Amino acid sequence: MKREGSPLKGVMTIALKEAADHMTSARMHLIMLLVLLTAAGAVYAAIDQIKATTSEDPFLFLKLFTVARQPLPSFASFMGFLLPLVAIALGFDGVNGEYGRRTMSRILAQPIYRDAVLFGKFLGGMLVIGIALLTLWLLMFGLGILLLGLPPSGGDMARSLAYLAATLVYTGVWLALALAFSTLIRAPATSALAALSVWLIFSFFWSMISPFVASALSPVDPYDPVSIVHAYETGLAVARISPATLYGEVATMLLDPSSRSVGPLFMSQMQGALVGAPLPTLQSILIVWPQISGLFAGMMLLFTGAYFVFQRQEVRA
């Protein structure tokens with residue numbers, strides 16, 4: 001049967017309905033309360049650490065993201081740890097939950113195509129995550145202005161907004177992963193466990209696994225300095241399979257203006273550079289653009305896999 005009209009008709013209707021369901025669910029309220037409390041604690045602890053910093057620092061507000069005070073980690077570290085859990089909680093039952101409630105056939109009985117259903121669920125989750133990230137960003141700057149007594153500079157705003165956009169893409173990777181498992185696995189508990197297992201592997205165990213993989217792919221010859229560089233670059237390439245590694249490099253580069261590289265730094269790269277001088281914001285973004293592109297590509301690849309499977313599933317109740 002030939003399609004009539006746009007295959008994306010009804011996407012925004014489903015997206016807004018999904019977003020409304022998420023925003024009114026007790027599960028989302030509990031998760032966001034946890035994120036807000038931990039983020040506020042990290043920022044408050046960071047402010048105590050940086051009060052001694054002079055107001056002449058042009059990137060004072062960026063320290064709110066990166067400064068840690070024991071036993072709390074930094075705000076950026078909290079985001080790298082908690083946001084995947086938020087995304088998995090939003091997406092692990094996005095598709096199989098409809099099958100479990102026997103509502104998928106009712107949804108598709110409306111004048112919309114399957115394309116709109118999956119796109120709408122993904123966009124609805126991204127909308128909720130975007131609202132949550134914007135709220136955290138405003139909370140951080142509000143606390144900074146209130147407790148530090150200084151307004152953010154233009155460089156602070158530009159870098160933090162770039163970081164906010166990269167964080168949204170990073171969270172989208174885990175949302176797409178959760179939706180992919182929700183499409184492949186009919187039991188919501190099993191799909192949640194599968195997504196959490198992947199998160200644990202890439203967030204905690206990949207840093208232990210990648211050195212062994214890199215040493216097997218590129219062994220080091222102690223009498224050949226070039227092999228040492230090759231081994232180091234191979235190790236970086238293997239480690240960057242993990243979204244957490246890519247996100248960590250993006251956060252470091254965008255939130256620390258003094259950083260000049262996410263890989264090996266050679267003397268030729270330092271020629272003409274002033275010691276301690278910050279990089280322009282655009283240059284920092286260009287350095288980590290491959291990492292941001294990798295996160296976006298991973299998100300699209302996972303969503304495409306979920307879309308491919310969903311288009312071929314039986315939906316009758």
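The shown structure was predicted, so the numbers you read here are calculated from the model rather than taken from an experiment.
A chain of hydrophobic side-chain contacts below 4.5 Å, direct or via other Ile, Leu, Val, Met, Phe, Trp or Tyr residues, connects L138 to I129. Put simply, Y163 and L282 are part of two different groups of oily side chains (I, L, V, M, F, W, Y) that touch within less than 4.5 Å, one to the next. Placement of L246 and L286 in two distinct hydrophobic clusters is found when ILVMFWY residues are connected by side-chain heavy-atom separations under 4.5 Å, directly or transitively. Taken together through direct or relayed side-chain contacts under 4.5 Å among Ile, Leu, Val, Met, Phe, Trp and Tyr, L30 and V128 form parts of separate hydrophobic clusters. In the hydrophobic clustering of ILVMFWY residues, with side-chain heavy atoms under 4.5 Å counting as a link, L179 and L193 come out apart.
Under 3.5 Å, the side chains of Y247 and S242 contain no donor-acceptor pair of N or O atoms. Checked by atom type, the side-chain pair S191/N96 shows a donor-acceptor distance below 3.5 Å. Side chains of W199 and S203: a donor-acceptor N/O pair is present below 3.5 angstrom, by distance only.
From L161, atom CG reaches atom OG1 of T281 across 10.5 Å, with rounding to the nearest 0.5 Å. With rounding to the nearest 0.5 Å, the separation of CG in L255 from CZ in F75 is 9.5 Å. Here H230 contributes atom NE2 and L217 contributes atom CG; the two are 14.0 Å apart, rounded to the nearest 0.5 Å. How far CG of L301 is from CG of L177: 11.0 Å, rounded to the nearest 0.5 Å. Note that CG of L90 and OG1 of T171 are 10.0 Å apart. Values are rounded to the nearest 0.5 Å. Taken from OG1 in T167 to CG in L254, the straight-line distance is 8.5 Å, to the nearest 0.5 Å.
T252 places no side-chain N or O within donor-acceptor distance of the main-chain N or O of E249, the cut-off being under 3.5 Å. Under a 3.5 Å cut-off, the side chain of H29 and the backbone N or O of M23 do form a donor-acceptor pair. In terms of modelled atom types and a separation under 3.5 Å, the side chain of S182 and the main chain of V95 share a donor-acceptor contact. With R186 contributing its side chain and Y99 its backbone, the two residues share no donor-acceptor pair below 3.5 Å. One N or O on the side chain of T245 and one on the backbone of A239 form a donor-acceptor pair closer than 3.5 Å. Under the 3.5 Å distance criterion, the side-chain polar atoms of Y307 are left unmatched by any main-chain donor or acceptor of L118. Under a 3.5 Å cut-off, the side chain of T183 and the backbone N or O of F310 do not form any donor-acceptor pair.
Residue F308 places its CZ atom among 12 or fewer non-hydrogen atoms of other residues, nucleotides or ligands, all under 6.0 Å distant. Shown here is F296, whose CZ atom has no more than 12 heavy atoms of other residues, nucleotides or ligands within 6.0 Å. Annotation for R106: atom CZ does not count as buried by contact number, only 12 or fewer foreign heavy atoms lying within 6.0 Å.
Counting all heavy atoms, side chain and backbone alike, T66 lies closest to S74 at O-CB, 3.3 Å. When all heavy atoms of A132 and M32 are compared, the pair lying nearest together is CB-CE, 3.3 Å. Nearest heavy atom pair, residue R159 against residue S284, reads NH2-OG, 2.9 Å. Nearest approach of P257 to L62, heavy atoms of both residues: CG-CD1, 3.9 Å. Minimum heavy-atom separation, P211 to S207: CD-O, 3.1 Å. Among all heavy-atom pairs drawn from G124 and A19, the shortest one is O-CB, 3.9 Å.
Between M140 and F65, some side-chain heavy-atom pair lies under the 4.5 Å cut-off. The closest side-chain heavy-atom distance from L302 to L175 is not below 4.5 Å. Between V213 and T234, the closest side-chain pair of non-hydrogen atoms is not below 4.5 Å. A heavy-atom distance below 4.5 Å is not found between the side chains of F202 and P84. Contact annotation: the side chain of I14 never approaches that of F119 to less than 4.5 Å [non-hydrogen atoms, C-beta and beyond]. Looking only at side-chain heavy atoms (C-beta outward), E98 and K121 come within less than 4.5 Å of each other. Between I88 and L196, the closest side-chain pair of non-hydrogen atoms falls below 4.5 Å. Residues I31 and R27 have side chains in contact (heavy-atom distance under 4.5 Å, counting atoms from C-beta outward).
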- Message: One pair to check against side chain to side chain contact (heavy atoms under 4.5 Å, CB included): L279 and M253. What are the steps and the verdict?
- Response: CA-CA 10 Å; L279 275 182; M253 200 70 215; 3.7 Å; yes
- Message: Would F181 and T190 count as a side chain to side chain contact (heavy atoms under 4.5 Å, CB included) here? Give the steps.
- Response: CA-CA 9 Å; F181 279 123; T190 307; over 6 Å; no
- Message: Checking L123 against L127 for the side chain to side chain contact (heavy atoms under 4.5 Å, CB included) test, could you report, in this order, the C-alpha distance in whole Å, the side-chain angles of both residues, the deciding distance, and whether it holds?
- Response: CA-CA 6 Å; L123 289 178; L127 178 62; over 6 Å; no
- Item | Residue pair W174, L85: steps toward the side chain to side chain contact (heavy atoms under 4.5 Å, CB included) verdict | CA-CA 8 Å; W174 297 104; L85 298 179; over 6 Å; no
